[in-house]
Number of protein chains: 2
Amino acid sequence: MAGLRERKKEQTRRRIAEVALRLFAERGFDAVTINEIAEAAEVAKVTLFKYFPTKESLVLQGVGEEDLAGIVAARPPGQSPLEALRAHYRAFATEPVVVAAVDRDALITQMRVIFDSPALSSGANDLLYGQRQALARVLAEEHDELTAALMAAQITASVLTLQERFFRHLVDGASLEEAGRHLVEDVELAFDLLRHGINH
Amino acid sequence: MAGLRERKKEQTRRRIAEVALRLFAERGFDAVTINEIAEAAEVAKVTLFKYFPTKESLVLQGVGEEDLAGIVAARPPGQSPLEALRAHYRAFATEPVVVAAVDRDALITQMRVIFDSPALSSGANDLLYGQRQALARVLAEEHDELTAALMAAQITASVLTLQERFFRHLVDGASLEEAGRHLVEDVELAFDLLRHGINH
DNA sequence: TACAAAAGCAAACCCGGTTCATATTACGTT
DNA sequence: AACGTAATATGAACCGGGTTTGCTTTTGTA
């Protein structure tokens, strides 16, 4: 049951995030102060920090939450880790369910804000760091440690590159459909490169 | 000619860095305050920040200064980018000239401090970000943009993994020679993987 | 109705980093 | 050797992100 308490909390949380995103989009991440956001969202500063641990998290929440290690761990028997990941991104590219459900403008605004701020880009980068280690741990079950670490590093780096290109298309004005079509091709290229190596 | 002015500057700079590294090693990066460092190094806070732009830079200076893009751009004709980079790291691993010149204990302490602090690890990570883009730009001369970006991402991620393992060996107590021997093998494995891909 | 838990809040505080106006120091010139 | 200038050093005040503390309000429950 969704009690009044929980509804209100969710509501407050969303209000803060929306206000923050709007202000960031208007004036840039660095030029907006936490106090301004709190004031505009009509909460105390300390309350804001109870919902969002850092200024960055106001924008980065929900970004890079994919569980690469989980995808590999849950793959059907007989499928290689790389095939499992390729299948996952293929599916994501051709049928971006999650994306379509969210407000498109908000998503694009979010991407633009992230791209425009080095602090946020770097923060988004960090989020993949944990994924990489988790993925390396899963891959270490069937490879030696160094190979697993290298594979994980290459895979996460490639995924990050794909994300960046997808978002860049959006930021540069492409529609969600156009960006999705690009992504479909890009995924295949990326995984082919991972699979067959750099010298063809 | 090295005037008194320049000598004093260099001296102050080194004193600050040494004091900072010692305090960080003793009590951890986060637990040491900029004011403490300034006080212990007998300079004003504002002076410290004239030498080092951020707290992180007190430890990260000199880390990740390799110029991947430059190595590729300067390679002899007929050599592939990957071969050029492999040759560079092979040479570095078998004959760590730079490393041998520096105080070993200080280097190892530095690595330990970096590894023990998420903020510093993430900062070291960021330093490779610029390298990656520069490398992608160079590679884009002979590949399409996506391929160049993916190659650069995979290469820098692999290099970072190699660095991490090298440093981890040192931090775990291996001698410089032992760590170097490991590195020699690791370099070959890493570049073979890059060259031939993940599925053999 | 009473009450404990959850949520919110204002104010003071800590720390990294910057600004500013003032002092000190090294260097080239006469 | 004395002097003027530019580089460097400094203390103090300030800013913004984030935390701590102690208190009030709100909400679910008995």
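Chain letters run A, B, ... following the sequence lines, proteins first and then strands; every chain starts at 1. These numbers come from a predicted model, not from an experiment. Values reported hereafter were calculated over all heavy atoms of this structure, with side chains retained and with hydrogens, waters and symmetry mates removed.
Atoms CZ (A:Arg27) and P (D:dG16) sit 11 Å apart, rounded to a whole Å. For the pair A:Leu48 CG and D:dT19 C1', the interatomic distance rounds to 14 Å; values are reported in whole Å. The distance from atom CZ of A:Phe49 to atom P of D:dT20 is 12 Å, rounded to the nearest whole Å. Between the CG atom of A:Asp30 and the P atom of C:dG16 there is a distance of 19 Å, rounded to whole Å. Between B:Arg13 atom CZ and D:dA7 atom C1' there is a gap of 17 Å when expressed in whole angstrom units. The CZ atom of B:Phe29 sits 14 Å away from the P atom of C:dC15 (whole-angstrom rounding). One interatomic measurement links the two molecules: CG of A:Asn35 to C1' of D:dG16, which rounds to 8 Å at whole-angstrom precision. In this structure, CD1 of A:Ile34 is placed 11 Å from P of D:dG16, rounded to the nearest angstrom.
Cation-pi geometry between A:Arg13 and A:Phe52 is satisfied (NZ or CZ under 6.0 Å from the ring centre, within 45° of the ring normal). Figure legend: A:Arg132 and A:Tyr129 shown as a cation-pi pair, the cationic atom lying under 6.0 angstrom from the six-membered ring centre and within 45 degrees of its axis.
Dashed line: the shortest gap from a side-chain N or O of A:Thr33 to OP1 or OP2 of D:dC15 is not under 4.0 Å.
The existence of a salt bridge linking B:Glu36 and B:Lys55 is excluded, since no basic side-chain nitrogen approaches an acidic carboxylate oxygen closer than 4.0 Å. Look at A:Glu142 and A:Arg75 and you find a salt bridge, because one of the NZ, NE, NH1 or NH2 atoms lies within 4.0 Å of a carboxylate O, short of that distance.
For the residue pair B:Tyr89/B:Glu66, the side-chain donor-acceptor check at 3.5 Å is satisfied.
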Produce a footprint string for nucleotides 4-9 of chain C: one letter per nucleotide, 5' end first; B if the base is under 4.0 Å from any protein heavy atom, S if only the sugar-phosphate is, - if neither. -BBSBB
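One N or O on the side chain of B:Glu83 and one on the backbone of B:Ser80 form a donor-acceptor pair closer than 3.5 Å.
Residue B:Lys45 is the one, among B:Lys45 and A:Pro53, whose nearest nucleotide of DNA chain D lies closer to the 5' end (criterion: closest heavy atom).
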